[in-house]
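In what follows, chains are A, B, ... by sequence order, proteins preceding strands, each numbered from 1.
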Protein chains: 2
Amino acid sequence: MSDPTPGLTPEQLGAYFALMEVSSLLQYAVDEHLRADGDLSWVQFQILARLTDAPGGKLRMTDLADGVVYSRSGLTYQAGLLDKRGLITRSPSPDDERSVLVTVTDAGRDLVAQVMPGHVESVRRLLFEPMAGRDLATLGAVLGRVREHMRANPPRSAKPRAGRARNA
Amino acid sequence: MSDPTPGLTPEQLGAYFALMEVSSLLQYAVDEHLRADGDLSWVQFQILARLTDAPGGKLRMTDLADGVVYSRSGLTYQAGLLDKRGLITRSPSPDDERSVLVTVTDAGRDLVAQVMPGHVESVRRLLFEPMAGRDLATLGAVLGRVREHMRANPPRSAKPRAGRARNA
DNA sequence: TATTGTTATACTCTATAACTATA
DNA sequence: TATAGTTATAGAGTATAACAATA
């Protein structure tokens, strides 16, 4: 980090570490709130939030896996937990009998609504409070571009099927 | 996310999600490389890198816990693994008999050196390739400021002692 | 009493591979 | 044959609390 960093300028290195630390601290804080306010992990919250946002509150497992989890069995596990708690429902898709349609229940929507204010407030306080309007615009633009770049350039060892469904 | 987001503008929400996804993808990719090139996890790499960077290659467990891990037992666990592999050494501190001084071994330094090029190259390719010089400057500055803000504002439920040593 | 660190334990989450069923 | 999903299993990592030792 002092010297053995050929290929990255000190400025880049600093930005890299700052990014990793900020996201780590943010996720930790947010996770804590979700846990306390609704007994939800970050992954579970994301699943519920995506469903809440989807038309009809329904998504296929595959669509859901996309971006939330890095393996299918991981999603099955999390969906199992949410199902047990009555926050989602799973049923075979009419279109494709192989697919499973996941649907948020009313209880699921209620829980999201219950947890959202505190969640959002954490993010606002920790991430955006110290940020000027101009900074926000740049940050959003840059990170958006980086995200697209990363999605288009999956790690060389991207698994053909078990990998993050993002690559599918 | 469509509506239930009082307190965050759509722009903020977008930046928030982009940040989380970018850091998640980056960490995943980087972790994969570290694992493949040196059988190291991200946490283990951070420990070794910090030691490599420290004067004399030595740090106390407490200093090391700071920022790397969220519990002391977690650090003990990771240090145990690195110790077993001969990458670090642990010995009682002369100054304070309670403390343990962790030292990188030559093998540890070698491993860091071996892993660093690929690591840095991943980061460069994924994170900085799509980034303009001006973007980098802003990103670094903003994230640096956010990091300071977060360090100064630990989550309300910061544990008195078990918490991330950062708060100690 | 407070701090440093370890240990025991329990638990969560993840990933791999094998398997079923449908397209 | 390829895709969607589940299951079994095994392993990595984490957190809590209890503990010992030093300041």
Side-chain angles (χ1 to χ4, degrees), chain A residues 24 27-28 31-32 34-36 39-47 59-66 68-85 88-102 155 157-165 167-168, chain B residues 24 27-28 31-32 34-36 39-47 59-66 68-85 88-102 155 157-165 167-168:
Chain A
S24 169
Q27 172 136 14
Y28 189 79
D31 218 275
E32 218 172 27
L34 291 173
R35 203 76 72 168
D39 194 28
L40 286 174
S41 70
W42 165 248
V43 169
Q44 290 164 358
F45 170 73
Q46 274 192 90
I47 293 173
L59 284 174
R60 295 183 312 149
M61 288 292 280
T62 294
D63 303 327
L64 213 41
D66 197 271
V68 173
V69 139
Y70 289 90
S71 76
R72 284 161 184 266
S73 64
L75 178 60
T76 297
Y77 171 75
Q78 294 293 345
L81 294 181
L82 294 175
D83 197 339
K84 234 176 265 172
R85 290 176 60 184
I88 65 169
T89 284
R90 283 178 290 178
S91 56
S93 165
D95 310 336
D96 185 335
E97 288 280 331
R98 292 172 305 182
S99 291
V100 167
L101 277 182
V102 183
S157 54
K159 311 287 165 42
R161 154 171 170 173
R164 194 173 210 184
N167 315 320
Chain B
S24 169
Q27 171 136 14
Y28 189 79
D31 217 275
E32 219 172 26
L34 291 174
R35 203 77 73 169
D39 194 27
L40 286 175
S41 69
W42 165 248
V43 168
Q44 289 164 0
F45 170 72
Q46 274 192 89
I47 293 174
L59 284 175
R60 297 183 312 149
M61 288 291 281
T62 294
D63 303 327
L64 213 40
D66 197 271
V68 173
V69 139
Y70 289 90
S71 77
R72 284 160 185 266
S73 64
L75 178 60
T76 297
Y77 171 75
Q78 294 294 346
L81 295 180
L82 294 176
D83 198 338
K84 234 175 268 172
R85 291 176 59 185
I88 65 169
T89 283
R90 285 178 289 180
S91 57
S93 164
D95 309 336
D96 185 337
E97 289 279 330
R98 293 171 304 181
S99 291
V100 167
L101 277 182
V102 183
S157 53
K159 311 287 167 37
R161 151 168 176 176
R164 193 174 213 185
N167 315 320

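Rounding to the nearest 0.5 Å gives a distance of 7.0 Å between CZ of B/R35 and CD of B/Q44. Distance CG/A/L82 to CD1/A/I88: 5.0 Å, rounded to 0.5 Å. Remark: A/L81 CG to A/T76 OG1 distance equals 11.0 Å, nearest 0.5 Å. Note that CZ of A/R90 and CG of A/L101 are 12.5 Å apart. Values are rounded to the nearest 0.5 Å.
A search for side chain to side chain contact (heavy atoms under 4.5 Å, CB included) contacts involving A/Q27 returns A/D31, A/W42, B/M20, not counting sequence neighbours.
For the pair B/Y28 OH and C/dC13 P, the interatomic distance rounds to 18 Å; values are reported in whole Å. B/D66 has its CG atom 15 Å from the C1' atom of C/dT3, to the nearest Å. When the P atom of D/dT14 is taken as reference, atom CH2 of B/W42 falls 13 Å away, rounded to whole Å. Rounded to a whole Å, the CG atom of B/L64 is 15 Å from the C1' atom of C/dT6. Rounded to an integer number of Å, the gap from CD1 of A/I47 to P of D/dG5 is 13 Å. Taking atom CG of residue A/D31 and atom P of nucleotide D/dT14, one finds them 13 Å apart after rounding to whole Å. For the pair B/R90 CZ and C/dT4 P, the interatomic distance rounds to 17 Å; values are reported in whole Å. Per the geometry, CE belonging to B/M61 stands 7 Å off C1' belonging to C/dG5, to the nearest Å.
Among the heavy atoms of the strands lying under 4.0 Å from A/T76 is at least one base atom, whether or not backbone atoms are also near.
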Mind listing the N/O atom pairs, protein and nucleotides 8-13 of chain D, below 3.5 Å?
from	atom 1	to	atom 2	distance (Å)
D/dG13	OP1	B/R35	NH1	3.3

Between the protein and nucleotides 21-23 of chain C, are there any N/O to N/O pairs under 3.5 Å, and if so, what are the atom names and distances?
from	atom 1	to	atom 2	distance (Å)
C/dA23	OP1	A/E97	N	3.2
C/dA23	O4'	A/R98	NH1	3.4

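For the pair B/R85 and B/L40, the minimum side-chain heavy-atom distance is below 4.5 Å. The side-chain heavy atoms of A/I47 and A/L75, taken from C-beta on, include a pair separated by under 4.5 Å. Counting heavy atoms from C-beta on, the side chains of A/Y77 and A/S71 never come closer than 4.5 Å.
In terms of phosphate contacts, B/R72 brings no side-chain nitrogen or oxygen within less than 4.0 Å of OP1 or OP2 of C/dT6.
When all heavy atoms of B/D63 and B/D66 are compared, the closest pair comes out as O-CB, 3.1 Å.
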